[in-house]
Undergrad: 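Sending over a structure as structure tokens; questions will come in a sec.
Protein chains get the first letters and strands the later ones, always in sequence-line order, with residue 1 at the start of each. Side-chain atoms are counted along with the backbone in the values below, which use heavy atoms only and exclude waters and symmetry mates.
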2 protein chains.
Amino acid sequence: MFSAENCSIARTLQVVGERWSLLILREAFYGNRRFEQFQRRIGVARNLLASRLTTLVEHGILDRETYQEPGQRARQEYRLTDKGRDLYPILVALLDWGDRHVADPEGPAILLSHRECGAPVHAELRCDAGHGHLTARDVTGTPGPGARLLA
Amino acid sequence: MFSAENCSIARTLQVVGERWSLLILREAFYGNRRFEQFQRRIGVARNLLASRLTTLVEHGILDRETYQEPGQRARQEYRLTDKGRDLYPILVALLDWGDRHVADPEGPAILLSHRECGAPVHAELRCDAGHGHLTARDVTGTPGPGARLLA
DNA sequence: CCAGCTAAGTCCTGTAATGAAACTCAGCGT
DNA sequence: ACGCTGAGTTTCATTACAGGACTTAGCTGG
């Protein structure tokens with residue numbers, strides 16, 4: 001397993017870093033909610049899909065809710081919680097990198113835009129003082145209150 | 001395997017989505033470059049570490065370079081390429097989510113700050129028109145030039 | 001010059017995760 | 001009563017992972 005070493009990256013990956021989990025969440029952000037939708041669109045094995053959905057529900061990222069279409073029996077569906085919706089920047093960052101570095105020759109398959117103004121949307125590193133378009137070289141890490149020394 | 005379905009998220013995950021890969025990259029961003037450093041700090045099995053490093057080099061995310069400390073024989077080290085450094089927003093997004101939703105009670109173990117001004121740094125969704133602090137609800141996806149219909 | 005040390009791996013073996021297909025289950029429509 | 005459908009569960013072969021022992025190449029101290 002991961003040595004969590006009290007690192008938030010490792011802890012996040014313990015929750016959503018299993019194979020398929022981020023693709024399931026991508027489909028959830030695209031509006032899919034039902035087992036068969038996830039299964040058909042992602043192509044994941046059914047037993048793994050069931051296992052991943054359970055894990056995501058247990059972690060409070062998805063909610064299992066009952067719905068009933070007229071003339072159908074009641075079924076379950078999976079909806080993003082607020083905690084789950086907060087994962088969106090991770091998916092956008094993955095999308096941005098993929099579009100830039102491992103893109104399809106045809107171009108991106110999906111474009112994100114701001115619902116209000118229509119402009120393209122990206123995940124950007126910014127500081128609270130308002131400086132934007134930061135890169136890894138502009139950023140420095142310092143130990144925080146939860147830091148623990150390595151043996 | 002992943003059904004890539006021409007999705008940049010899936011393609012990115014094929015490159016860095018294997019277990020341990022993002023933790024190796026986290027250590028690379030923290031300035032670590034050598035096999036033993038990665039192994040000790042992450043706790044990954046040596047055979048997997050060797051395998052992951054090879055994969056990341058093949059994908060152009062790390063460069064294997066020879067170095068020689070005085071009085072030591074020449075050894076290899078692994079440095080981030082520009083393509084690898086562009087993965088930073090993904091790690092920052094993972095860090096932000098972890099700090100917010102699965103934090104250690106003591107607080108975050110590491111704080112990121114802007115090297116120039118010292119202010120905290122986060123991954124933020126922004127549109128090209130300058131609207132910031134967007135959430136998943138503010139963003140809409142539309143098919144792009146590389147889009148393919150699902151059967 | 002030879003044994004020991006070290007970084008950087010490789011090899012081997014048991015355990016765990018994955019993938020594909022078949023099976024179950026409950027209610028609906030006919 | 002019978003088959004259909006969505007949502008899983010079971011089974012089993014395949015693959016990946018984890019951990020420890022082993023290897024290799026060049027110092028370095030004796």
Side-chain angles (χ1 to χ4, degrees), chain A residues 1-5 10 13-25 27-28 31-59 62-79 150-151, chain B residues 1-5 10 13-25 27-28 31-59 62-79 150-151:
Chain A
M1 282 307 293
F2 298 136
S3 87
E5 314 168 6
L13 288 174
Q14 288 191 320
V15 177
V16 298
E18 286 181 300
R19 218 197 292 232
W20 302 110
S21 294
L22 285 167
L23 294 181
I24 292 168
L25 290 168
E27 293 304 323
N32 297 294
R33 293 176 177 163
R34 289 150 64 159
F35 190 93
E36 296 293 324
Q37 289 177 319
F38 291 121
Q39 205 279 317
R40 265 202 324 281
R41 295 181 53 91
I42 306 176
V44 54
R46 308 174 70 76
N47 53 349
L48 297 185
L49 176 56
S51 162
R52 293 296 184 274
L53 288 171
T54 300
T55 301
L56 292 171
V57 168
E58 282 170 359
H59 283 292
L62 297 177
D63 261 351
R64 211 188 300 258
E65 284 175 27
T66 302
Y67 73 98
Q68 182 152 22
E69 292 187 2
Q72 298 285 315
R73 73 188 166 113
R75 300 184 188 285
Q76 301 293 119
E77 65 179 9
Y78 299 88
R79 288 161 179 266
L150 270 188
Chain B
M1 283 305 292
F2 298 137
S3 87
E5 323 167 359
L13 288 173
Q14 288 191 321
V15 176
V16 299
E18 285 181 301
R19 220 198 291 234
W20 302 111
S21 294
L22 286 166
L23 294 180
I24 292 168
L25 290 168
E27 293 304 323
N32 297 294
R33 294 176 176 162
R34 289 150 64 158
F35 190 93
E36 295 293 324
Q37 289 177 318
F38 290 121
Q39 205 280 316
R40 266 201 324 280
R41 297 181 52 90
I42 306 178
V44 55
R46 309 175 69 77
N47 54 351
L48 296 185
L49 176 57
S51 162
R52 293 295 185 275
L53 288 171
T54 299
T55 300
L56 291 171
V57 169
E58 283 170 358
H59 282 292
L62 297 176
D63 262 351
R64 211 188 301 257
E65 283 175 27
T66 302
Y67 74 98
Q68 182 151 24
E69 290 187 3
Q72 298 286 314
R73 73 185 166 117
R75 301 185 188 283
Q76 301 293 118
E77 65 180 9
Y78 299 87
R79 289 161 178 266
L150 270 188

Undergrad: Let me know the distance between CZ of B/F35 and C1' of C/dT6, rounded to the nearest Å.
TA: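 So the two atoms are 13 Å apart, to the nearest Å.
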
Undergrad: Need one value for A/Q76: base, sugar-phosphate or nothing, where a base atom within 4.0 Å counts as base even if backbone is also close, heavy atoms only.
TA: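 Touches sugar-phosphate only.
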
Undergrad: When you match B/L53 and A/V44 each to their closest nucleotide on DNA chain C, which lands nearer the 5' end?
TA: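 Taking each residue's closest nucleotide, the earlier one in sequence belongs to B/L53.
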
Undergrad: Distance check: side-chain N/O of A/R52 vs OP1/OP2 of C/dT18, anything under 4.0 Å?
TA: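 So the side-chain polar atoms of A/R52 do come within 4.0 Å of the phosphate oxygens OP1 or OP2 of C/dT18, strictly under.
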
Undergrad: Can you measure B/R19 atom CZ to C/dA17 atom P for me and round it to whole angstrom units?
TA: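 After rounding, the reported distance stands at 7 Å.
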
Undergrad: Expressed as a whole number of angstroms, how long is the span from A/E77:CD to D/dG8:P?
TA: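 To the nearest whole Å, that distance equals 11 Å.
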
Undergrad: I'd like to check B/V44 versus B/L23 (side-chain heavy atoms, cut-off strictly below 4.5 Å). Are they in contact?
TA: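 Not in contact.
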
Undergrad: Would you kindly compare A/S51 and B/E36 by the position of their nearest DNA chain C nucleotide and give the one closer to the 5′ end?
TA: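 Counting from the 5' end, the first nearest nucleotide belongs to B/E36.
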
Undergrad: Identify, with sequence neighbours excluded, every residue that meets side-chain contact (heavy atoms from CB on, under 4.5 Å) alongside A/E18.
TA: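 For A/E18 the side-chain contact (heavy atoms from CB on, under 4.5 Å) partners, ignoring immediate neighbours, are A/S21, A/R52, A/T55.
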
Undergrad: How many Å lie between CD on B/Q14 and P on D/dA16, as a whole number?
TA: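 These atoms are roughly 13 Å apart.
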
Undergrad: One thing to verify: whether B/R46 and B/E36 come together as a salt bridge, which I'm taking to mean a side-chain N less than 4.0 angstrom from a carboxylate O.
TA: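 Salt bridge between B/E36 and B/R46, a charged N being under 4.0 Å from a carboxylate O: yes.
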
Undergrad: Please report, rounded to the nearest Å, how far the C1' atom of C/dA7 is from the CZ atom of B/F38.
TA: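 Atom CZ in B/F38 sits about 14 Å away from atom C1' in C/dA7.
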
Undergrad: Taking the side chain of B/R34 as heavy atoms from C-beta outward, which of C/dG19, C/dA7, D/dG8 is closest to it?
TA: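 Selected nucleotide (nearest to the side chain): C/dA7.
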
Undergrad: Is there a donor and acceptor pair closer than 3.5 Å between the side chain of B/N47 and the base of C/dG9?
TA: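 No, no donor-acceptor pair under 3.5 Å.
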
Undergrad: Just the rounded figure in Å: distance from C1' of D/dG8 to CG of A/L49.
TA: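 After rounding, the gap between these two atoms is 9 Å.
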
Undergrad: Rounded to whole Å, how long is the line connecting atom CD1 of B/I42 with atom P of D/dA18?
TA: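 Distance check: B/I42 CD1 to D/dA18 P gives 12 Å.
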
Undergrad: Would the distance check show the side chain of A/N32 and the main-chain N or O of A/F38 forming a donor-acceptor pair, the cut-off being under 3.5 Å?
TA: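 Not a single qualifying donor-acceptor pair exists.
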
Undergrad: Taking the side chain from A/S51 and the backbone from A/N47, do they hold a donor-acceptor pair closer than 3.5 Å?
TA: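 Checking the backbone N and O of A/N47 against the side chain of A/S51, no donor-acceptor pair under 3.5 Å is found.
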
Undergrad: Counting C-beta onward and ignoring hydrogens, is there a side-chain heavy-atom pair between B/R75 and B/T66 closer than 4.5 Å?
TA: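 No, their side chains stay 4.5 Å or more apart.
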
Undergrad: Contact class for B/Y78 vs. all strands (heavy atom < 4.0 Å): base, sugar-phosphate, or nothing?
TA: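 Sugar-phosphate only.
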
Undergrad: Apply salt bridge (Lys or Arg N to Asp or Glu O under 4.0 Å) to A/R79 and list each qualifying residue two or more places apart in sequence or on a separate chain.
TA: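 With sequence neighbours excluded, A/R79 shows a salt bridge (Lys or Arg N to Asp or Glu O under 4.0 Å) to A/E65, A/E77, given in chain and number order.
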
Undergrad: Can you check whether any acceptor in the base of D/dA7 is under 3.5 Å from a donor in the side chain of A/R46, or vice versa?
TA: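 By the distance-only test, yes, there is a pair.
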
Undergrad: How long is the line joining CZ of A/R40 and P of D/dG8, in whole Å?
TA: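 Result: 14 Å.
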
Undergrad: Please determine whether a side-chain nitrogen or oxygen atom of A/W20 lies at a distance below 4.0 Å from atom OP1 or OP2 of C/dA17.
TA: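 Negative; the distance criterion is not met.
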
Undergrad: Roughly what angle, to 10°, lies between the helix axis at the start of the helix from C/dC1-D/dG30 to C/dT30-D/dA1 and the one at its end, five pairs per end?
TA: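 Rounded to the nearest 10 degrees, the bend comes out at 10°.
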
Undergrad: Does any donor atom in the side chain of A/Y78 or A/R34 lie under 3.5 Å from an acceptor atom in the other side chain?
TA: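 No, no side-chain donor-acceptor pair sits under 3.5 Å.
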
Undergrad: What's the closest nucleotide to the B/A45 side chain, out of C/dT18, C/dA7, D/dA18?
TA: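 Nucleotide nearest to B/A45's side chain: D/dA18.
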
